Amino acid sequence: MTDQPEGQRQDTDGADQRLASVVDLGTYRQAVDPLPVTFHRRELDAILWIYGRMVGEGEWRDYAIDHLRDKAVFSVFKRSGEYPLYRIEKNPKLAAKQGAFSVVGADGRILKRGHDLKAVLKVFDKGLKAID
């Protein structure tokens with residue numbers, strides 16, 4: 001037996017090498033590349049219900065969903081290829097402060113923010129209309 005620290009061994013050429021340790025792959029991936037923020041099924045149901053109503057009224061025609069590292073964004077458009085009329089955002093970092101959900105207008109102003117998505121989506125009940 002040799003006088004070496006635990007977890008090290010001396011190779012034949014005299015160089016110290018660390019022994020490999022077992023790492024949980026899921027934990028490692030989460031630390032290196034965290035999963036993006038997503039909308040849950042009930043959240044998407046509420047958003048798509050509003051979207052369907054507005055499409056039926058002829059106000060909206062297209063949408064996009066982005067799942068980013070820090071937030072999830074549902075963007076709605078009057079015409080494809082334009083800037084979004086509204087963005088419905090979910091930012092979990094703001095959940096303890098102003099609320100995780102917000103509706104942002106085309107000019108970047110926050111129209112409504114809160115903890116409850118259905119309450120935030122009521123901003124569309126007031127008859128917001130796009131200006132051509």
Side-chain angles (χ1 to χ4, degrees):
M1 195 96 171
T2 61
D3 297 336
Q4 296 174 1
E6 191 175 318
Q8 291 185 353
R9 65 182 169 102
Q10 192 168 21
D11 205 357
T12 54
D13 63 356
D16 287 341
Q17 293 181 345
R18 298 245 177 237
L19 294 178
S21 61
V22 178
V23 176
D24 180 32
L25 187 58
T27 305
Y28 175 76
R29 284 185 179 159
Q30 185 71 12
V32 173
D33 189 22
L35 295 174
V37 176
T38 60
F39 289 107
H40 297 289
R41 181 185 174 102
R42 296 210 186 273
E43 295 165 350
L44 271 177
D45 285 345
I47 294 170
L48 289 173
W49 189 86
I50 295 289
Y51 176 78
R53 192 186 82 207
M54 298 301 273
V55 167
E57 293 175 8
E59 294 296 318
W60 298 349
R61 296 188 72 178
D62 201 6
Y63 73 91
I65 301 175
D66 296 307
H67 295 134
L68 309 171
R69 285 186 183 179
D70 58 339
K71 64 183 172 181
V73 181
F74 186 96
S75 304
V76 294
F77 301 87
K78 177 74 172 176
R79 294 180 193 87
S80 299
E82 289 185 347
Y83 290 105
L85 291 174
Y86 302 102
R87 294 188 326 262
I88 301 165
E89 298 183 355
K90 175 184 178 181
N91 188 341
K93 290 181 181 177
L94 298 176
K97 297 176 184 175
Q98 302 109 334
F101 301 102
S102 60
V103 174
V104 181
D107 56 356
R109 287 185 299 148
I110 297 174
L111 304 176
K112 185 135 177 145
R113 174 178 277 157
H115 299 282
D116 181 32
L117 177 61
K118 289 188 178 187
V120 171
L121 293 176
K122 287 185 180 183
V123 72
F124 296 115
D125 292 343
K126 296 178 182 175
L128 294 177
K129 302 278 183 188
I131 299 174
D132 287 328

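These numbers were taken from a predicted model, which means no experiment stands behind them.
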Approximate separation, where rounding is to 0.5 Å, of [X] [atom1] and [Y] [atom2]:
X	Y	atom1	atom2	answer
Glu89	Ser75	CD	OG	8.0 Å
Arg61	Tyr51	CZ	OH	9.5 Å
Glu59	Leu85	CD	CG	8.5 Å

Given side chains that start at C-beta, do those of [X] and [Y] come closer than 4.5 Å, heavy atoms only?
X	Y	value
Ile50	Ile88	no
Leu117	Phe39	no
Tyr86	Leu111	yes
Asn91	Lys97	no
Val76	Met54	no

Any link between [X] and [Y] through a network of hydrophobic side chains (Ile, Leu, Val, Met, Phe, Trp, Tyr) touching at under 4.5 Å?
X	Y	result
Leu44	Trp60	yes
Val55	Trp49	yes
Phe77	Ile47	no
Val103	Leu48	yes

Name the one of His115, Lys90, Arg113, Lys118 that satisfies side-chain contact (heavy atoms from CB on, under 4.5 Å) with Phe101?
Lys90
Can a salt bridge be assigned to the pair Lys122 and Asp116 using a cut-off of 4.0 Å between side-chain N and carboxylate O?
no
Should the pair Tyr63 and Phe74 be assigned to parallel (<30°), tilted (30 to 60°) or perpendicular (>60°) ring geometry?
parallel
Do any N or O atoms from the side chain of Asp66 and from the backbone of Leu68 form a donor-acceptor pair under 3.5 angstrom?
no
Would you confirm whether Lys78, through its side chain, and Gly58, through its main-chain N or O, come within 3.5 Å as a donor-acceptor pair?
yes
Give me the atom names and distance for the closest heavy-atom approach of Arg69 to Val37.
O-CG2, 3.5 Å
Closest heavy-atom pair, Val120 versus Gly114, reported as atoms and distance to 0.1 Å, is CG2-N, 3.4 Å
